[in-house]
Amino acid sequence: MPELPEVETVMRGLAPVMTDQVIAKADVRRDGLRWPFPSDMAARLTGQRVLGLRRRSKYILADLSSGETLLLHLGMSGRMLVSGAPLGVFHHSHPAPAKHDHVVLDMANGARITFNDARRFGAMDLMQTAGADAHALLAALGPEPLGNAFDEDYLVARLAGRGTPIKTALLDQHVVAGLGNIYVCEVLFRARIAPARRAGDLPQPAVRSLVPVIRAVLAEAIAAGGSSLRDYRQADGELGYFQHSFHVYDRAGQACVTPGCTGVIERLVQAGRSSFHCPQCQQ
DNA sequence: ATGGGGGCCTGCCGGC
DNA sequence: TGCCGGCAGGCCCCCA
């Protein structure tokens, strides 16, 4: 799935067609995805004005005029497709729902937003906007990596004494929210830290160095419009528009890109996930 | 508390 | 337009 930069990109793509617009019709085409949808979801969405979109970790939150907030997670394969340019009262030709189109929102401006998710690991829920942070899926999340609460002192304290590999620790959404497998691999490569190192054993300068690296990697990916993998699309439905090049992710067997390094990228499995790294530059 | 593994689903790719 | 096994960006839950 979309990790933080991709979710941010999707949210930015949805904002112009959804913000301040009324959901004229909600077509909920199955009972749920990873979990059952909230009761009467279609009715609770229909007629509501979208006051604004926010992102928390890999969740998109849409605040509605009803006082409820729609929570949306793309899981591994979720996509938000936008069709029907919001150009006015003419022009209302939408394609028929395709395979894995689970929820279709028709906005009053003529735009159609389709939540398509082949693997159905995605999620949608509704909650009161007031106190939305207390939602079960949000309450325990760690700080936003691009926010002020995430800093060097925090990370040092959070990783102290932890025996888990640094790779696994950074993937833990309670430590820092929004990193996924790809960006953790890239972050550790850029920080030159081996993924198998125990988090609590890392020298403090190494832990501190992770903070600006995490920020930079995410910011660059957002600036590039999110990374692009085979089945990732931007909100506007364009496939593979941004080709973000990774240094280590999915590059097993290829030469390390660090100038002067003769290492070859290796893949190892940690906590059931692939970790790509250069055994030569990452210590 | 912490850490590891299983499971949820479908699709794709490589090897045979 | 072959079949099968392995693998995939996430994350909750259960177990030791």
Side-chain angles (χ1 to χ4, degrees), chain A residues 1-11 29-37 55-60 71-80 98-102 115-125 135-142 145 157-188 195-201 217-218 221-222 224-235 239-240 242-253 267-276:
Chain A
M1 144 181 157
E3 303 183 29
L4 186 154
E6 290 74 29
V7 176
E8 178 72 22
T9 301
V10 169
M11 187 201 68
R29 303 171 56 76
R30 57 181 301 123
D31 293 336
L33 294 169
R34 178 164 183 180
W35 297 288
F37 290 138
R55 180 190 58 74
R56 170 71 170 113
S57 187
K58 302 170 193 173
Y59 297 89
I60 292 172
L71 172 146
L72 194 148
H73 193 287
L74 300 174
M76 292 265 247
S77 55
R79 298 178 305 185
M80 300 299 286
K99 200 175 182 185
H100 308 309
D101 284 353
H102 305 309
F115 188 1
N116 177 288
D117 182 11
R119 290 176 69 183
R120 307 209 298 269
F121 289 167
M124 287 180 98
D125 200 4
H135 188 279
L137 294 171
L138 306 180
L141 289 174
R158 193 67 182 76
L159 297 182
R162 291 200 60 169
T164 197
I166 184 64
K167 163 71 191 311
T168 312
L170 293 180
L171 222 35
D172 183 346
Q173 303 297 297
H174 304 102
V175 172
V176 56
L179 293 175
N181 203 38
I182 291 179
Y183 290 113
V184 170
C185 290
E186 296 298 315
V187 161
L188 289 175
R197 292 287 299 278
R198 306 277 135 187
D201 291 347
V217 166
L218 294 177
I222 291 171
S227 66
S228 177
L229 292 166
R230 253 187 304 283
D231 56 357
Y232 171 71
R233 290 178 196 230
Q234 286 210 104
L239 174 65
F242 294 96
Q243 285 296 327
H244 190 89
S245 61
F246 303 120
H247 294 313
V248 286
Y249 182 79
D250 205 22
R251 290 179 55 98
R267 170 184 177 267
L268 70 94
V269 176
Q270 298 177 281
R273 314 293 302 278
S274 295
S275 293
F276 298 92

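Every chain is numbered from 1, with letters handed out A, B, ... down the list of sequences.
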#### Entry: Interatomic distance, A/Ile182 CD1 vs C/dC11 P [rounded to whole Å]
13 Å
### Query
With a 4.0 Å cut-off on heavy atoms, is A/Arg120 in touch with a base, just the backbone sugar-phosphate, or nothing at all?
sugar-phosphate
### Message
Could you report the tightest heavy-atom contact between A/Lys58 and A/Gly178, atom names first, then the distance?
### Response
CE-O, 3.2 Å
Pull out every protein N or O sitting under 3.5 Å from an N or O of nucleotides 14-16 of chain B, one pair per line with the distance.
none

### Task
List in chain and number order the residues that pass side chain to side chain donor-acceptor pair (under 3.5 Å) with A/Arg34, two or more places apart in sequence or in another chain; answer none if no residue qualifies.
none
### Task
May I ask you to decide if A/His100's main-chain N or O and A/Asp117's side chain share a donor-acceptor pair within less than 3.5 Å?
no
### Summary
Between CH2 of A/Trp35 and P of C/dC13 the distance, given in whole Å, is 7 Å
### Residues in side chain to side chain donor-acceptor pair (under 3.5 Å) contact with A/Arg251, at least two apart in sequence or another chain
A/Gln254
### Task
Let me know the distance between NE2 of A/His174 and C1' of C/dC11, rounded to the nearest Å.
9 Å
Per-pair distances, 0.1 Å, donor-acceptor, side chain in residues 163-171 of chain A, under 3.5 Å, sequence neighbours excluded:
| unit_1 | atom_1 | unit_2 | atom_2 | d |
| --- | --- | --- | --- | --- |
| A/Lys167 | NZ | A/Asn181 | OD1 | 2.7 |
| A/Lys167 | NZ | A/Ser274 | O | 3.2 |
| A/Lys167 | NZ | A/Ser275 | OG | 2.8 |

### Exercise: identify the closest heavy-atom pair between A/Pro195 and A/Leu268
CG-CD2, 4.3 Å
### Message
Using the side-chain contact (heavy atoms from CB on, under 4.5 Å) criterion, which residues pair with A/Ala160? Sequence neighbours excluded.
### Response
none
Considering only nitrogen or oxygen atoms on both sides, find all protein atoms under 3.5 Å from nucleotides 1-4 of chain B and state each distance.
| unit_1 | atom_1 | unit_2 | atom_2 | d |
| --- | --- | --- | --- | --- |
| B/dG3 | OP1 | A/Gly163 | N | 2.7 |
| B/dG3 | OP1 | A/Thr164 | N | 2.8 |
| B/dG3 | OP2 | A/Arg162 | NE | 2.9 |
| B/dG3 | OP2 | A/Arg162 | NH2 | 2.5 |
| B/dG4 | OP2 | A/Thr164 | OG1 | 3.4 |

### Message
A/His135: which residues meet the side-chain contact (heavy atoms from CB on, under 4.5 Å) condition with it, sequence neighbours left out?
### Response
A/Leu71, A/Asp125, A/Met127, A/Leu137, A/Leu138
### Short side-chain N/O contact from A/His73 to OP1 or OP2 of C/dC11, under 4.0 Å
yes
### Spacing between A/Lys58 atom NZ and C/dC12 atom P, to the nearest angstrom
10 Å
### Query
Can you tell me how far C1' of C/dG10 sits from CG of A/Asp172, to the nearest Å?
13 Å
### Message
Between P on C/dC11 and CD on A/Gln270, what's the gap in Å once rounded to a whole number?
### Response
18 Å
### Task
Tell me, please, which residues at least two apart from A/Phe37 pass ring-ring contact (aromatic ring centres under 6.0 Å, His included).
none
### Message
List the residues meeting side-chain contact (heavy atoms from CB on, under 4.5 Å) with A/Asp172, not counting sequence neighbours, and say none if there are none.
### Response
A/Arg162, A/His174, A/Val175
### Query
For A/His247, what residues pass the side-chain contact (heavy atoms from CB on, under 4.5 Å) criterion, not counting sequence neighbours?
A/Glu186, A/Phe189, A/Val257
### Pairwise C1' distance for B/dG3 and C/dG9, with rounding to whole Å
22 Å
Report each atom pair, protein N/O against N/O of nucleotides 5-8 of chain C, whose distance is under 3.5 angstrom.
| unit_1 | atom_1 | unit_2 | atom_2 | d |
| --- | --- | --- | --- | --- |
| C/dA8 | OP1 | A/Ser274 | OG | 2.2 |
| C/dA8 | N3 | A/Arg119 | NH1 | 3.2 |

### Query
Which atom names give the shortest non-hydrogen contact between A/Pro145 and A/Leu4, and what distance separates them?
CG-CD1, 3.7 Å
### Message
Using a heavy-atom cut-off of 4.0 Å across all strands, would you classify A/Leu137 as base, sugar-phosphate, or nothing?
### Response
sugar-phosphate
### Query
Taking side chain as C-beta onward, heavy atoms only, is A/Phe115 less than 4.5 Å from A/Leu74?
yes
### Query
Taking only Watson-Crick and G-U wobble pairs with both distances under 3.5 Å, what dot-bracket line describes DNA chain B, where [ ] shows pairs that cross earlier ones and | shows pairs with another strand?
.|||||||.|||||||
#### Entry: Gap between atoms CG and P, on A/Leu171 and C/dC11 respectively (whole Å)
9 Å
### Query
Separation of A/Leu218 atom CG from C/dG9 atom C1', in whole Å?
14 Å
### Message
Show the nearest heavy-atom pair for residues A/Leu72 and A/Met124, with the distance to one decimal.
### Response
CD1-CE, 4.1 Å
### Query
Roughly how far apart, to the nearest Å, are B/dC9 and C/dC4 at atom P?
22 Å
### Query
With centres under 5.5 Å and planes under 30°, do A/Phe121 and B/dC8 count as stacked?
yes
